[in-house]
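Everything below concerns the one structure shown next.
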Number of protein chains: 2
Amino acid sequence: MSPKKNGPEPIAPAAPWVPVTIRDVAKVAGVSTGTVSNVLNRPDIVAESTRRRVLQAVESTGFIRNTQAHQLRGGRSQTVGVVVLDVANPFFTEMFRGAESRLQTEGYVLMLASTDGSVEREANFVRAMEEHRVEGVLITPAAAELGALAGLRTRGVPTVLLDRKATADEFCSVTVDDVRGGELAARHLFETGHLELAFVNGPSSVRQCRDRRQGVRKAVRSVSKTKKVEVTEVSVGALTVRHGEDVVERILAMSPRPTAVMCANDLLALGVLRGLASRGVRVPDDLAVTGYDDLIFGSMLSPALTSVRQPAFELGVAAAELLLDEVRNPDHRHREVRFEPELVVRTSSRP
Amino acid sequence: MSPKKNGPEPIAPAAPWVPVTIRDVAKVAGVSTGTVSNVLNRPDIVAESTRRRVLQAVESTGFIRNTQAHQLRGGRSQTVGVVVLDVANPFFTEMFRGAESRLQTEGYVLMLASTDGSVEREANFVRAMEEHRVEGVLITPAAAELGALAGLRTRGVPTVLLDRKATADEFCSVTVDDVRGGELAARHLFETGHLELAFVNGPSSVRQCRDRRQGVRKAVRSVSKTKKVEVTEVSVGALTVRHGEDVVERILAMSPRPTAVMCANDLLALGVLRGLASRGVRVPDDLAVTGYDDLIFGSMLSPALTSVRQPAFELGVAAAELLLDEVRNPDHRHREVRFEPELVVRTSSRP
DNA sequence: TTGAAAGCGCTAACAA
DNA sequence: TTGTTAGCGCTTTCAA
């Protein structure tokens, strides 16, 4: 079992691979490089027997086309860059999956980068992708301003904004109607008899938070014609579990005590649920709770969490579609594809 | 608010961008292309004043280096391919983040592809990446056999296997000791007084399941010197929430009834928790439960789930490190970096 | 139907 | 210190 003297002999690396070029293939097949190229790109214009011979040579040499050389000669890079805020966030990975599913069928390979909200990292990645001559970019901008993307625009790199509306018609974009989403959640609670509502929201600097609040106001206006409802907004510094947990105290101290808590996202809601559980408040019997995002685990909690679903995968597909149009269609016009959020009612808000 | 007759006039696309080459820069700066190249690659060997003039021209023209041309001339592609089973799985995205964090500092851009276990898709992606001349590949192979990766090996593309051990010394690999992880969980339960254990495991065809079972057996051997313990393995068809929920009935029917349920992953555990909750069985008072993977939501459940953590991020970093060594170090030898799983004890198994 | 050759944008050896 | 030039691997006229 154990070797005599030395440790187990490490196996030497495989014999160094000499890159095979189209020239090598040509030599083996006994044709010119032009013919090999033709076999690869327009097989129909070359004689049957020659084609077979060349294909055979490709096989035997293990030739793999060099896309860089191909592209240099005027070809396409077959590459799309995707820049998201956080790869660890399921919302973004779902979007990535959607985009990939569409672009993969067109032969594209995706470059993915995660900025974690850093404008500097974003700039670096975009730069690197431009150097790689990506044919397009799908991006969730890190900054509130789109100035960082000006280069892409002036250089004419097809770009689609993810979950962010372009201010002018500078870019295509795919978004979800957050106003509508906020309205859906609030209205649902009103309609199931909750007239005193606590709305746990994040900082106003976040567009999503602003929009969702606006949706809540809309629901209030519409419902208050027939019923008297009251909404108290409770602001927290960030959309995290901890912030949700910490806010419970304030909610329970409110007078009159609300009968429902609407949270600006699922993580907050999760924190709220934990806070309530530790204080023996039952959900939904004593207090109803809703979240937003419909993260995968929401349905697995007890009680399962009512939430507002965003069609992340479809967003990715739509973004890919817009990009493809911009790449191929000379008459392309920028536009915004807006998705509708969907209320998913579960136990946590069931009457 | 509404336009007169037509919809809002779509803004015409930006003026077509004429690609700027090193020649354009040279012309503007009044130097040769060689000098521009020198300014870009070895700025020290060119005169201060010339350098400034060239840099100025780069700026004013908006020049962006073409990596394809650069690479064709013998440069590196600065690109690494990552192929995972499922981008939607947090375990893989964490690994990706780890790899990215390391490789980004070296100027690499990552291509990411998700195979969803399809050998065919895997082959396509690997092929595309080879055509792009990635400098290396990080991959979780879709198939049990590594035959699909033979091409990478013979062509000498540095390749690191993620969460999969290479059979011979064909590739570097990063793995987690699943035997140890299984042992940790089982031993923890034994030591907290649970002598009758139900082990909910997935199909034996999955390596992880086999290894974790082996770990359980090891724990049994070691503990049974001092105590009499009994483990009953309950097999399910897949590691999903539904399978966990369905298995509860069988567990509760067992005689003698176990005092703890060890699950082969967190999703199963989640299902078990739900099943128990719906039958009014209290956790951990009536029955202790553990999972495996330590997915993010585990700590947010009530009761919070005891689990075995796998250092996904660190796996990614290690894989990147191995790859960099293979890329740069002529004396590189393939090796396996094995990580230790870590038991995270939470309420669900607290005595 | 095939071959010869120019050239994509860039770098590096060599010359000036 | 800077310019000239060959050539990386490939595609695509144009000529044979």
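Chain letters run A, B, ... following the sequence lines, proteins first, then strands; residues in each count from 1.
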Please report, to 0.1 Å, the donor-acceptor pairs under 3.5 Å made by any side chain of residues 49-57 of chain A, with sequence neighbours excluded.
| from | atom 1 | to | atom 2 | distance (Å) |
| --- | --- | --- | --- | --- |
| A:R51 | NH2 | A:E48 | OE1 | 3.3 |
| A:R52 | NH1 | A:E48 | OE2 | 2.7 |
| A:R53 | NH1 | A:A29 | O | 2.6 |

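- Close to D:dT2, at under 4.0 Å from its OP1 or OP2, lies no side-chain N or O of B:T35.
- Interface residues of residues 47-70 of chain A facing DNA chain D, ordered by number: A:F63, A:R65, A:N66, A:A69, A:H70; criterion, heavy-atom separation under 4.0 Å.
- In this structure, B:R335 has no salt bridge (charged side-chain N to carboxylate O under 4.0 Å, His left out) partners at least two apart in sequence or on a different chain.
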Residues 141-150 of chain A side chain polar contacts: donor-acceptor under 3.5 Å, at least two apart:
none

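- Taking only side-chain atoms of B:R73, from C-beta outward, the nucleotide of D:dG3, C:dC10, C:dT2 with the closest atom is C:dC10.
- Comparing D:dG3, D:dG7, C:dG9 by their nearest atom to the side chain of A:L72 picks out C:dG9.
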Pairs under 3.5 angstrom, nitrogen or oxygen only, protein versus nucleotides 13-16 of chain C, please.
none

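- Every pair passing salt bridge (charged side-chain N to carboxylate O under 4.0 Å, His left out) that includes a residue from residues 125-139 of chain A is listed here, sequence neighbours excluded: A:R76-A:E135, A:R127-A:E131, A:E130-A:R155, A:E131-B:R65.
- The side-chain hydrogen bond (donor to acceptor under 3.5 Å, both in side chains) pairs that include a residue from residues 82-101 of chain A are A:E94-A:R97, where partners are two or more places apart or lie in different chains.
- As a whole-Å value, the separation of B:E131 CD from D:dT11 P is 10 Å.
- For the pair B:S32 and B:G74, both in contact range of DNA chain D, the more 5′-proximal nearest nucleotide belongs to B:S32.
- The phosphate of D:dC10 (OP1 or OP2) has no side-chain N or O of A:S37 nearer than 4.0 angstrom.
- Computed from coordinates, the B:D24 CG to C:dC8 P distance equals 12 Å when rounded to whole Å.
- Separating the NZ atom of A:K27 from the P atom of D:dG9 is a distance of 12 Å, rounded to the nearest angstrom.
- Computed from coordinates, the A:R133 CZ to C:dC10 C1' distance equals 11 Å when rounded to whole Å.
- Proximity of B:T21 to the phosphate of C:dG9: no side-chain N or O atom is located under 4.0 Å from OP1 or OP2.
- Computed from coordinates, the B:I45 CD1 to D:dT2 P distance equals 9 Å when rounded to whole Å.
- Panel note: side chain B:T159, backbone B:V157; a donor-acceptor pair is recorded below 3.5 Å.
- Taken to the nearest 0.5 Å, the CZ atom of B:R153 stands 6.0 Å off from the CD atom of B:E170.
- For residues 20-37 of chain A, no residue pair satisfies the salt bridge (charged side-chain N to carboxylate O under 4.0 Å, His left out) rule, not counting sequence neighbours.
- Sorted by first and then second residue, the pairs that involve residues 110-124 of chain A and meet side-chain hydrogen bond (donor to acceptor under 3.5 Å, both in side chains), not counting sequence neighbours, are A:R121-B:Q104.
- By the side chain to side chain donor-acceptor pair (under 3.5 Å) test, A:E106 pairs with A:R102, A:R328, sequence neighbours left out.
- Atom CZ of B:R23 and atom P of C:dC10 are 10 Å apart (whole Å).
- Residues satisfying the salt bridge (charged side-chain N to carboxylate O under 4.0 Å, His left out) test with A:R338, not counting sequence neighbours, are A:D177, A:E336.
- Atom CD1 in B:I22 sits roughly 14 Å away from atom C1' in D:dT4 (whole-Å rounding).
- Looking at B:N41, its side chain does come within 3.5 Å of a backbone N or O of B:S37 through a donor-acceptor pair.
- The CG atom of A:N41 sits 11 Å away from the P atom of D:dC10 (whole-angstrom rounding).
- An angle of 40°, rounded to 10°, separates the two end axes of the helix from C:dT1-D:dA16 to C:dA16-D:dT1, each defined over five pairs.
- Counting any heavy atom pair closer than 4.0 Å across all strands shown, B:V36 reaches no nucleic acid atom.
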